[in-house]
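Data first, discussion second: the structure below is written as structure tokens.
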Amino acid sequence: MSEATNQQQPIEQLIANRLAKLDELRRLGVEPYPTRYRVAESVSDVRRRFAGASTEGLESDRPAVRLAGRLRSVRGHGKVSFADLSDGAEQLQLYLRKSDLDETSWKVFSLLDLGDFIGVEGTIFRTRTGELSVAVSRLEVLAKTVRPLPEKYHGLADREARARQRYLDLLSNPESRAIFETRSRIVSGIRRFLDGAGFVEVETPMMQPIPGGASARPFETHHNTLDLDLYLRIAPELYLKRLVVGGMERVYEINRNFRNEGISTRHNPEFTMLEFYWAYADYELLMDFTEEMITTVAEQATGGLVVPWGDRTIDFSRPWRRLTLRDAILEHSELTEEDLSSRERMEAAAERVGVLRISERSDGKLLEELYEMTAEPRMIDPTFIMDYPRDISPLTKSKPGNPEVVERFELFIGGLEVANAYTELNDPAEQRRRFEEQAAAGGGVVDEDFLLAIEHGMPPTGGEGVGIDRLVMLLTNQQSIRDVILFPQLRPRDSQG
RNA sequence: GGGCCGUUAGCUCAAUUGGCAGAGCAAGGGACUCUUAAUCCCUAGGUUGGAGGUUCGAUUCCUCCACGGCUCACCA
């Protein structure tokens, strides 16, 4: 047996060592995976409870605690040992003295490995150096860990492993855990804000017969019983508007969208979007509302309004700049009014700034491309870019007196598109013309069911989508969307290893 | 999908011009009753991502493949 063990690969040997201890525990009559171990408080709770307790106070009180957690490190000194117990968020030092423990507990301790879950009973005290610690009197195994964890000091650095085995990343990299805790605060902060403003949270179909509300390529699936092709939604927009028709004047949904496009530092095939619709609002009101919502959430999540972003900072302080798409181009590039004055001049300008496949782009798309190639990366502090071309905004109401420009804004922060909002088109005849225009240009089908809904009357409405993943990136200073999504899409690993 | 870069022990990282593949942590054995990246002594651990090629000799050079990172394209 031991000869065979020596032939094994290193990781197999490390596992064998742990399995041997597990067997030894069982021989001693100790169950390595007991059914339950109830505790009244966590390691973090105890740290908080005794944070201000003095050495002398603890010495006289000797408060008893019962705790469970994962063993993260051990510093042995012969007949005494120090160890760190973690609840995933915080650690507490354990102090184990052979003379203070029953024989089984001391023996069990010697059979532990880093990463094992244990339960301890003991009293709280401070060591000579002032470290809050538990003088352990009783110790139990709660779950044996049979594989070694990443190294304690450097944690897990390999980016692939961090994404594939997120549990190891969370365990060994506190910064990573902090990102996802902040993400949770952002999402709950948004819910609190919208609930407080009288919005109702709803859930609309993920599987749609016609993928609408955006123009990305959808993922396709099929329902067998109905023998029906379905698409994972690329946006919830057209369903949320049906709810506005139905009298839900303030609705929102925070959920996944799916787009079958490329993967990049700012795109994941499934991503989280907030969409909200507000009857009798328009895009100007939405700008005010968005400033308030995001500054509120940013402050809750980060504690301030000026946050680091790479080697720069983002200042979320209000008011945020608002400028039209045209003005943004003129202000942030060498281009002039002249360059935007005709199709020919725009094409020449597009050529100069490096836009590709110019001839395939509509006039409106060309203008947006010019913006993206010049001004967009420079929008670091929050900026509303308003008044988009009609032909790239088929669900948006035109500006009064100017049918070629629509009441639409996008919000840019840190060079990222974070939100997209419109004064919603609610004229069913005009909506039909826009759908037909899109269809003729190869951009999807006319959604008759949606038209049927708004023919029953949709009030004037403002609607907005906010990319939650990107907002989290901005508020946690992460340059890749993969680092703010727990399980980003990756290629399956070759099973051959 | 294209271009560039990367992949070395369980983890974090070294390795000169193509010349015996190393360290720290973790692991195993030993010492140690206030340490905290504990310390000290000893031991073991490698198909250098995979498959080919060049060479007396390949972690190193070449080709292909896998996965990842960055970037470009796609994403009204």
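All chains are named by letter (A, B, ...) in the order of the sequence lines, taking the proteins before the strands, and each is independently numbered beginning at 1.
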Rounded distance (Å) that lies between atom [atom2] of [N] and atom [atom1] of [X]:
{"X": "A:L58", "N": "B:C34", "atom1": "CG", "atom2": "P", "value": "20 Å"}
{"X": "A:H77", "N": "B:U33", "atom1": "NE2", "atom2": "P", "value": "10 Å"}
{"X": "A:D169", "N": "B:C11", "atom1": "CG", "atom2": "C1'", "value": "13 Å"}
{"X": "A:D113", "N": "B:G10", "atom1": "CG", "atom2": "P", "value": "17 Å"}
{"X": "A:D158", "N": "B:A9", "atom1": "CG", "atom2": "C1'", "value": "15 Å"}
{"X": "A:E369", "N": "B:A73", "atom1": "CD", "atom2": "P", "value": "8 Å"}
{"X": "A:Y371", "N": "B:A76", "atom1": "OH", "atom2": "C1'", "value": "15 Å"}
{"X": "A:L92", "N": "B:U35", "atom1": "CG", "atom2": "P", "value": "18 Å"}

A:R183 charged N/C atom sitting above A:F180 aromatic ring, 6.0 Å / 45°:
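No.
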Test: A:R408 cationic atom under 6.0 Å from A:Y388 six-membered ring centre, within 45° of axis:
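Satisfied, under 6.0 Å and within 45°.
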Nucleotide nearest [X] when distance is taken to its side chain, options [options]:
{"X": "A:L490", "options": "B:C13, B:G68, B:A76", "answer": "B:G68"}
{"X": "A:L156", "options": "B:A26, B:U12, B:C34", "answer": "B:U12"}
{"X": "A:N17", "options": "B:G28, B:G69, B:U33", "answer": "B:G28"}
{"X": "A:S480", "options": "B:C67, B:G46, B:C70", "answer": "B:C70"}
{"X": "A:S99", "options": "B:A27, B:C70, B:U33", "answer": "B:U33"}
{"X": "A:K79", "options": "B:U33, B:G45, B:C74", "answer": "B:U33"}
{"X": "A:R259", "options": "B:A76, B:C34, B:A26", "answer": "B:A76"}
{"X": "A:R482", "options": "B:G69, B:C75, B:U12", "answer": "B:G69"}
{"X": "A:E160", "options": "B:C67, B:A27, B:A76", "answer": "B:C67"}
{"X": "A:E368", "options": "B:A37, B:A76, B:C11", "answer": "B:A76"}

Are the ring centres of A:Y371 and A:F412 closer than 6.0 Å?
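They qualify: ring centres under 6.0 Å apart.
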For [N], take OP1 and OP2 only and decide whether either is under 4.0 Å from a side-chain N or O of [X].
{"X": "A:K152", "N": "B:A26", "result": "yes"}
{"X": "A:T127", "N": "B:C34", "result": "no"}
{"X": "A:R75", "N": "B:U35", "result": "no"}
{"X": "A:T265", "N": "B:U71", "result": "yes"}

What's the verdict on side chain to side chain contact (heavy atoms under 4.5 Å, CB included) for A:E121 and A:L67, showing C-alpha distance, side-chain angles and the deciding distance?
CA-CA 7 Å; A:E121 290 176 17; A:L67 288 170; over 6 Å; no
Less than 4.0 angstrom from a charged side-chain N to a carboxylate O is my criterion; do [X] and [Y] meet it?
{"X": "A:R70", "Y": "A:D87", "value": "no"}
{"X": "A:R433", "Y": "A:E436", "value": "no"}
{"X": "A:D387", "Y": "A:R326", "value": "no"}
{"X": "A:D363", "Y": "A:R343", "value": "yes"}
{"X": "A:D169", "Y": "A:R177", "value": "no"}

Counting the atoms with a prime plus P, OP1 and OP2 as sugar-phosphate, which does [X] contact under 4.0 Å by heavy atoms, base, sugar-phosphate, or nothing?
{"X": "A:A161", "answer": "nothing"}
{"X": "A:Y388", "answer": "nothing"}
{"X": "A:R164", "answer": "sugar-phosphate"}
{"X": "A:R162", "answer": "nothing"}
{"X": "A:P389", "answer": "nothing"}
{"X": "A:R491", "answer": "sugar-phosphate"}
{"X": "A:S393", "answer": "nothing"}
{"X": "A:R408", "answer": "sugar-phosphate"}
{"X": "A:R357", "answer": "sugar-phosphate"}
{"X": "A:G364", "answer": "nothing"}
{"X": "A:Q438", "answer": "base"}
{"X": "A:R72", "answer": "nothing"}
{"X": "A:R97", "answer": "base"}
{"X": "A:L168", "answer": "nothing"}

[atom1] gap between [N] and [M], integer Å:
{"N": "B:G22", "M": "B:U43", "atom1": "P", "result": "15 Å"}
{"N": "B:U33", "M": "B:G28", "atom1": "C1'", "result": "24 Å"}
{"N": "B:G30", "M": "B:G46", "atom1": "C1'", "result": "27 Å"}
{"N": "B:G29", "M": "B:C34", "atom1": "P", "result": "23 Å"}
{"N": "B:G3", "M": "B:C65", "atom1": "P", "result": "11 Å"}
{"N": "B:C32", "M": "B:A14", "atom1": "C1'", "result": "32 Å"}
{"N": "B:G69", "M": "B:A37", "atom1": "C1'", "result": "29 Å"}
{"N": "B:A58", "M": "B:G53", "atom1": "C1'", "result": "11 Å"}

Write down the partner of [N] under the Watson-Crick or G-U wobble criteria, each distance required to be under 3.5 Å.
{"N": "B:A37", "result": "none"}
{"N": "B:G22", "result": "B:C13"}
{"N": "B:G52", "result": "B:C62"}
{"N": "B:G68", "result": "B:C5"}

If you find the nucleotide of RNA chain B closest to A:L112 and the one closest to A:K365, which residue's nucleotide is nearer the 5' end?
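Going by which nucleotide is closer to the 5' end, it is A:L112.
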On RNA chain B, does the nearest nucleotide to A:L395 precede the nearest nucleotide to A:A83 from the 5' side, or the other way round? Give the residue.
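Going by which nucleotide is closer to the 5' end, it is A:A83.
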Donor-acceptor pair present, A:E131 side chain and B:U35 base, under 3.5 Å
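For A:E131, whose side chain was compared with the base of B:U35, there is no donor-acceptor pair (under 3.5 Å).
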Looking at B:C11, does its base get a donor-acceptor pair with the side chain of A:H154 below 3.5 Å?
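There is none.
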Check the angle between the aromatic planes of A:Y95 and A:F82 and answer parallel, tilted or perpendicular using the 30° and 60° thresholds.
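Geometry flag for A:F82 against A:Y95: tilted rings.
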